[in-house]
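Both backbone and side-chain heavy atoms feed into the values below; hydrogens, waters and symmetry mates do not. Per chain, numbering begins at 1; letters A, B, ... match sequence-line order.
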Amino acid sequence: MAQTMASEPVKNMALAKAINESLRTALDADPKVLVMGEDVGKLGGVFRVTDGLQKDFGESRVIDTPLAESGIVGTAIGLALRGYRPVVEIQFDGFVFPAYDQIVTQLAKMHARSLGKVKMPVVVRIPYGGGIGAVEHHSESPEALFAHVAGLKVVSPSNPSDAYWMMQQAIQSDDPVIFFEPKRRYWDKGEVNREAIPGPLHKAQVVREGTDLTLAAYGPMVKLCKEVADVAAEEGRSLEILDLRSVSPLDFDSIQTSVEKTRRLVVVHEAPVFFGSGAEIAARITERCFYHLEAPVLRVGGYHAPYPPARLEEEYLPGLDRVLDAVDRALAY
Amino acid sequence: MAQTMASEPVKNMALAKAINESLRTALDADPKVLVMGEDVGKLGGVFRVTDGLQKDFGESRVIDTPLAESGIVGTAIGLALRGYRPVVEIQFDGFVFPAYDQIVTQLAKMHARSLGKVKMPVVVRIPYGGGIGAVEHHSESPEALFAHVAGLKVVSPSNPSDAYWMMQQAIQSDDPVIFFEPKRRYWDKGEVNREAIPGPLHKAQVVREGTDLTLAAYGPMVKLCKEVADVAAEEGRSLEILDLRSVSPLDFDSIQTSVEKTRRLVVVHEAPVFFGSGAEIAARITERCFYHLEAPVLRVGGYHAPYPPARLEEEYLPGLDRVLDAVDRALAY
Amino acid sequence: MTVESTAPRKPRRSAGTTGAKSTAGKRPTAKKAPSTKPELVQLLTPEGERIESAENAAYDKYVADITPDELRGLYRDMVLTRRFDAEATSLQRQGELGLWASLLGQEAAQIGSGRALRDDDYVFPTYREHGVAWCRGVDPTNLLGMFRGVNNGGWDPNSNNFHLYTIVIGSQTLHATGYAMGVAKDGADSAVIAYFGDGASSQGDVAESFTFSAVYNAPVVFFCQNNQWAISEPTERQTRVPLYQRAQGYGFPGVRVDGNDVLACLAVTKWALERARSGEGPTLVEAYTYRMGAHTTSDDPSRYRHDDERAAWEAKDPILRLRRFLEAANHADEGFFAELEAESEALGRRVREAVRAMPDPDHFAMFEHAYADGHALVDEERAQFAAYQASFAEAEGGN
Amino acid sequence: MTVESTAPRKPRRSAGTTGAKSTAGKRPTAKKAPSTKPELVQLLTPEGERIESAENAAYDKYVADITPDELRGLYRDMVLTRRFDAEATSLQRQGELGLWASLLGQEAAQIGSGRALRDDDYVFPTYREHGVAWCRGVDPTNLLGMFRGVNNGGWDPNSNNFHLYTIVIGSQTLHATGYAMGVAKDGADSAVIAYFGDGASSQGDVAESFTFSAVYNAPVVFFCQNNQWAISEPTERQTRVPLYQRAQGYGFPGVRVDGNDVLACLAVTKWALERARSGEGPTLVEAYTYRMGAHTTSDDPSRYRHDDERAAWEAKDPILRLRRFLEAANHADEGFFAELEAESEALGRRVREAVRAMPDPDHFAMFEHAYADGHALVDEERAQFAAYQASFAEAEGGN
Ligand SMILES: Cc1ncc(C[n+]2csc(CCOP(=O)(O)OP(=O)(O)O)c2C)c(N)n1
Ligand SMILES: Cc1ncc(C[n+]2csc(CCOP(=O)(O)OP(=O)(O)O)c2C)c(N)n1
Ligand SMILES: [Mg+2]
Ligand SMILES: [Mg+2]
């Protein structure tokens with residue numbers, strides 16, 4: 001029934017398209033996979049991530065829902081109890097909160113509460129982050145609010161290949177996965193190899209080797225870190241870049257390995273620094289690498305203020321200069 | 001109309017009673033103060049914190065609400081816009097999540113969104129934490145999920161005097177305050193001086209001086225830290241205890257001052273360690289005191305698993321031995 | 001100030017709830033919305049007389065040919081459920097349970113609806129559906145685990161198509177709706193039933209479940225036990241018109257049934273389940289009943305309601321009512337009642353012994369099942385915990 | 001598979017939405033719930049003829065003595081609002097705004113309801129209530145700030161009793177209810193109006209606001225503009241019966257009004273506001289209208305709806321309708337229309353110039369107003385930011 005990706009295994013495509021292909025593959029492979037959300041049907045979602053899926057898989061597999069996020073996640077839980085594997089779309093980061101109760105008190109806990117009898121293979125897709133000049137509630141990075149909650153897994157790809165494969169793995173997972181999609185990278189292209197065996201979902205990847213300092217990031221900030229490393233290289237500094245990919249669990253082993261080599265760590269994310277991922281990473285890596293660190297782990301992220309109007313977001317978000325500044329400060333120790 | 005506390009300014013009372021007295025004082029002093037929530041009226045709340053208030057101030061000031069937490073906070077926002085100062089009760093920690101959207105996207109942001117035109121003097125009272133042998137959803141410590149959100153203030157008293165005064169200050173605040181009440185300490189008694197001028201709401205307090213290591217905690221864990229310090233003292237170790245009182249903002253200055261003296265810090269809270277308050281404290285204090293710290297900041301808290309059934313909570317929660325173990329480890333560096 | 005909610009409320013058989021009083025003195029009481037017919041489905045009077053009215057015909061047919069054996073079965077279910085419930089209450093008093101939420105007074109609503117179900121139907125309960133659990137064949141001792149604090153409801157939901165108890169009120173109505181959407185997708189003709197209380201009816205989740213089930217025409221029955229109280233709050237704090245009327249505005253029928261009449265509950269639930277099975281979508285059933293006891297063993301109802309209210313409801317006791325009917329119709333003899341009494345005692349004993357023998361969970365249990373596929377941090381923390389535990393063993397060994 | 005939602009839907013004047021089709025083939029379409037009378041309040045036909053029926057009498061009286069001057073005023077409001085809206089759309093195309101949510105087609109619903117309000121009433125809008133804002137006297141250029149990205153809606157809500165635009169759908173209905181509870185507490189006879197869309201009607205918050213307002217008998221009018229679409233989803237995705245009927249189940253009246261008939265919207269809203277003022281509590285008004293344009297300038301409706309649907313609604317244009325009436329009744333002459341045309345042009349120019357002159361916010365603005373009473377971390381971060389900014393100035397100075 002469904003038309004899947006063209007036969008050649010390696011293709012260049014945008015991140016949004018890679019997720020689309022991944023959903024298509026999953027819908028095709030397993031009749032229990034469902035796609036649900038607001039406008040995911042004929043419109044294909046406001047970012048077109050589900051473009052064409054309803055046409056090919058029908059209204060009973062790709063489901064436009066009433067405009068109620070708690071209802072979307074709550075019914076997805078019920079569908080999972082019935083043996084389905086729903087992939088749920090939340091239209092924008094700022095609209096996940098009406099579903100927060102169902103996610104935190106039900107989705108996250110159901111497996112434990114049932115002493116393992118019940119599984120919750122639900123993926124919650126959330127386009128997140130800023131940088132697209134949007135209005136309020138459309139640019140937030142709430143990943144820490146999910147990572148703190150036991151029972152959830154939280155991931156975020158930075159490139160099309162990971163987007164494709166991590167979505168495959170998330171859908172195959174019997175645990176609920178909060179899948180944060182870096183919306184400002186939706187249109188960035190990259191190679192996707194549908195036959196490459198991917199690494200595990202929760203393993204970080206060294207995307208650039210270096211010796212002087214480690215930059216750790218995930219989702220939209222990985223690309224920024226590459227730009228930072230380029231500039232730093234011109235100044236004679238060798239930065240290693242870790243794409244964390246997973247926020248819960250965090251791959252502390254990989255971070256530790258890198259930091260034991262570079263002895264300096266800067267963590268970058270769009271979310272506010274206060275109680276953000278950087279805090280957890282700094283705390284644990286400091287404990288693990290206490291005698292290795294030449295400088296405190298520094299964090300670059302959003303400020304402790306509501307996400308500002310679009311014309312200020314460039315100041316609010318970590319940018320090249322602010323990350324370079326943190327790198328300088330770390331190297332100055 | 002209302003009968004306030006007996007004339008003598010200093011009285012010994014339980015923490016729950018201190019909050020009751022504080023609410024009574026506020027209702028008496030300002031006709032705009034309201035108390036709202038499930039069962040807060042005739043029942044006086046399931047913990048009797050609002051006992052007698054409806055009787056004395058009437059049904060239009062002390063309001064039993066429909067059973068809908070989003071509705072409670074959402075209407076409180078509307079009442080605040082009309083000039084009222086609602087003090088809202090969430091019956092238990094685990095039931096705040098249906099209101100999370102209103103708290104995060106509305107209550108927290110309204111002041112900023114209006115460029116300061118609108119104020120949000122709303123207090124959200126949440127009895128929190130474990131140790132009382134309760135069923136699921138009745139023992140959680142979700143403070144990190146609020147501290148990460150800009151626009152909110154988050155506090156938690158550890159003793160009756162602070163409970164009385166911090167509630168006074170929270171109600172007077174023009175910002176929304178999430179007021180976490182340590183439910184397992186509700187029945188602990190202590191002196192409340194209604195005439196003592198209190199310190200600022202967001203300032204930590206040294207509740208015990210020491211030289212070898214700093215224990216930082218808030219709410220229910222302060223008492224535990226005192227017990228730890230007693231035992232440690234017998235072993236010849238001098239622990240300083242900081243009662244943080246405020247989780248957002250955190251009083252880093254006070255922690256820094258203490259750590260520069262003791263050079264070691266252990267943070268204790270009931271909430272899961274992963275992405276908890278201890279992470280933020282460890283990250284920032286390590287940055288501020290990099291050359292002072294003899295050991296990494298250690299954290300003692302809940303595990304990354306759903307809060308367990310009551311018969312396991314003693315193992316799950318930080319207890320005397322686990323904190324002592326962390327102290328030993330920190331001192332061993 | 002007169003406080004309306006404590007004025008002894010005389011429940012009427014076909015009662016609508018009265019309009020809520022405004023908090024502003026000057027605003028008059030709201031008018032009642034018109035209600036549909038019959039206002040209350042009742043097939044047995046409190047005196048145990050069978051009502052056969054034309055108004056009830058649509059429901060009556062579902063129990064028209066019920067056998068004496070089945071009637072005795074319903075009676076037995078109610079008696080044993082009450083016995084079990086009483087045992088649990090006393091086990092709580094003895095410190096064997098941390099808490100108990102009694103269903104006293106709601107036996108007819110639960111057994112009537114529970115016995116209407118087929119095996120392949122699926123149930124989403126609150127925390128009080130001990131009678132429904134009984135009908136599903138869940139061993140009652142299993143229900144006590146969460147109240148004792150050894151688990152959060154450790155039965156396998158799929159063994160008896162009976163989901164775990166849900167404490168966060170209203171949440172399960174969405175799970176039921178989603179499950180029912182799945183049933184429809186599968187082309188099965190099973191139905192799903194979601195229990196919730198009068199208090200829970202105010203939760204946004206319940207409204208959303210009405211919307212989803214209506215829009216997708218999901219085969220689900222919403223079974224609201226209106227036991228007049230949500231802890232200390234009377235139903236007037238949740239609505240100013242009878243709750244069953246809410247369904248209409250979402251495009252599906254709502255019916256109020258006498259929740260203390262097991263026959264009526266059986267009939268109305270069967271009717272609603274048949275609607276679901278035959279593709280007519282959701283139905284709301286409001287079982288008008290009464291919480292005879294405290295909200296839970298932690299509650300003290302004397303703070304907020306008068307004893308005479310309870311007394312009025314005692315006259316409508318669901319068990320007594322069926323007994324009168326059985327006796328008048330000569331459907332049960334002394335021997336039946338005596339045997340049942342003995343069975344009750346045995347059940348009580350069995351429950352008591354089972355609870356006392358219930359072991360505390362292993363310490364490592366808290367790490368189990370946090371995730372189905374594992375989580376690196378949980379592994380790390382489990383290992384740390386193990387080492388920490390071992391250090392005590394060593395320390396003790398060393399002494 | 002036939003996809004119901006794209007079949008060109010012929011809206012009927014007294015239209016109920018049709019039953020949603022089940023996702024499982026075997027389940028038939030649900031039946032419609034009975035509706036109340038009149039099914040649609042209309043005082044002006046699309047051709048501009050005044051309807052004076054007995055059915056409408058209860059509402060008609062609120063506009064029975066409307067003056068030609070007032071009628072021209074309504075016309076002027078609609079024309080200027082549409083002009084402003086068109087200007088904003090083109091400013092978005094020119095890159096001056098990041099986004100625009102057009103009200104095209106909804107002028108009558110907004111101006112009719114907006115002009116029913118008294119100064120002391122309070123409005124809680126969504127993000128599309130530009131016409132209501134106009135009635136409240138909010139300078140239209142103020143509305144553009146959030147769409148330009150210079151603020152999140154920087155007007156003072158209390159200057160015009162017009163709350164900030166709320167983007168998270170449904171949230172504001174609870175704020176309106178709380179505000180109305182406060183009005184009642186104050187003993188004031190003001191009323192509150194909450195706007196929301198057909199899509200938003202599915203949110204739990206809206207249901208909770210119905211519950212709270214009913215239970216506290218709060219003086220609030222829920223004004224739902226059913227413009228047939230929630231982005232790409234037709235109203236059938238939200239409900240299978242007309243939305244106005246939802247109110248009944250919560251114990252207060254719901255009325256459907258022709259949302260393209262400014263006179264009917266004015267009358268029905270006045271009626272509902274009077275109910276609120278006189279202590280009769282909440283009312284739900286469903287204004288049956290149509291979103292003529294895209295959801296926002298980011299949207300592409302050609303992906304999900306047919307042009308002929310739009311064409312059918314063009315025949316019911318709210319402005320044209322009133323113009324026909326004015327002309328037939330000789331209430332307005334050429335001069336009036338010409339003058340208004342000039343006024344429109346001037347407004348467009350003023351808006352254009354104001355937007356282009358709108359300065360970017362100061363960088364430090366993001367730290368301002370995060371808290372009313374300050375927050376130590378914000379102070380610290382502001383200081384760090386200042387130092388960081390200064391370092392560039394120095395670096396530049398040093399060059
Ligand atoms: C979301 C949420 N809020 C509050 C509570 C605390 N609580 C437990 S039961 C209850 C009353 C529920 O009343 P009702 O729905 O009528 O059911 P009943 O207990 O009468 O069976 C409350 C407020 C909860 N469990 N969940
Ligand atoms: C809670 C939430 N979920 C999703 C969105 C994204 N969104 C913005 S407008 C909209 C459609 C709203 O439709 P409707 O309520 O009918 O209002 P209309 O836009 O037609 O005026 C959606 C889904 C949102 N703003 N808030
Ligand atoms: Mg109840
Ligand atoms: Mg709409």
| Which region of A:Glu69, side chain (C-beta onward) or backbone (N, CA, C, O), has a non-hydrogen atom less than 4.5 Å from a non-hydrogen atom of chain D, or is it both or neither? | both
| Between A:Asp325 and chain D, which part of the residue has a heavy atom less than 4.5 Å away: side chain, backbone, both or neither? | side chain
| message | To check you understand the geometry: which heavy-atom pair defines the closest contact between D:Gly199 and A:Leu67, and what is its length? | response | O-CB, 3.4 Å
| How about D:Gln238 and A:Pro66: do any of their side-chain heavy atoms sit closer than 4.5 Å? | yes
| Side chain, backbone, both or neither: which part of D:Asp299 has a non-hydrogen atom closer than 4.5 Å to chain A? | side chain
| Does A:Arg311 come within less than 4.0 Å of D:Asp360, counting only side-chain N to carboxylate O? | yes
| message | Please give me the minimum heavy-atom distance between D:Ser202 and A:Ala68, naming the atom from each residue. | response | O-CB, 3.4 Å
| task | For chain A, find which of D:Gly149, D:Ser298, D:Gly98 contributes the most heavy-atom pairs closer than 4.5 angstrom. | result | D:Gly149
| message | Does A:Glu314, at its CD atom, have more than 12 non-hydrogen atoms belonging to other residues, nucleotides or ligands within less than 6.0 Å? | response | no
| request: For D:Ile167 and A:His137, work out which heavy atoms get closest and say how close. | output: CB-CD2, 3.8 Å
| query | For chain A, which of D:His295, D:Arg382, D:Glu381 has the most heavy-atom pairs under 4.5 Å? | reply | D:Glu381
| query | In terms of heavy-atom proximity below 4.5 Å to chain D, should A:Tyr307 be classed as side chain, backbone, both, or neither? | reply | backbone
| message | If I measure from the heavy atoms of chain A, does D:Ile231 come under 4.5 Å with its side chain, its backbone, both, or neither? | response | both
| remark: dist D:Tyr165:OH -> A:Glu136:CD (nearest 0.5 Å) comes out at 14.0 Å
| Region of D:Arg148 that comes under 4.5 Å of a non-hydrogen atom in chain A | both
| field | A:Arg48, part contacting chain D, at a heavy-atom distance under 4.5 Å | value | side chain
| message | Nearest 0.5 Å, please: how far is OH in A:Tyr303 from CD in D:Gln384? | response | 7.5 Å
| task | Measure distances from D:Tyr127 to the heavy atoms of chain A and classify the residue's part below 4.5 Å as side chain, backbone, both or neither. | result | neither
| remark: Cut-off 4.5 Å, heavy atoms of chain D, and the answer for A:Phe95 is side chain
| query | In terms of ring plane angle, is the pair D:His375 and A:His304 parallel, tilted or perpendicular, where the classes change at 30° and 60°? | reply | tilted
| task | Can you measure from OH (A:Tyr316) to CZ (D:Phe385) and round to the nearest 0.5 angstrom? | result | 12.0 Å
| request: Mind checking the CG-CE spacing from A:Leu312 to D:Met366? Nearest 0.5 Å is all I need. | output: 6.5 Å
| message | Please identify, among A:Gly94, A:Ala310, A:Pro309, the residue contributing the most non-hydrogen atom pairs under 4.5 Å to chain D. | response | A:Pro309
| task | Supply the atom-to-atom distance A:Asp39 CG to D:Trp229 CH2, rounded to the nearest 0.5 angstrom. | result | 10.0 Å
| message | Need one label for A:Glu38: side chain, backbone, both or neither, based on atoms under 4.5 Å from any heavy atom in chain D. | response | both
| Interface moiety of D:Gln389 toward chain A, non-hydrogen atoms closer than 4.5 Å | side chain
| message | Looking at D:Arg303 and A:Asp51, is any side-chain nitrogen of the basic one under 4.0 Å from a carboxylate oxygen of the acidic one? | response | yes
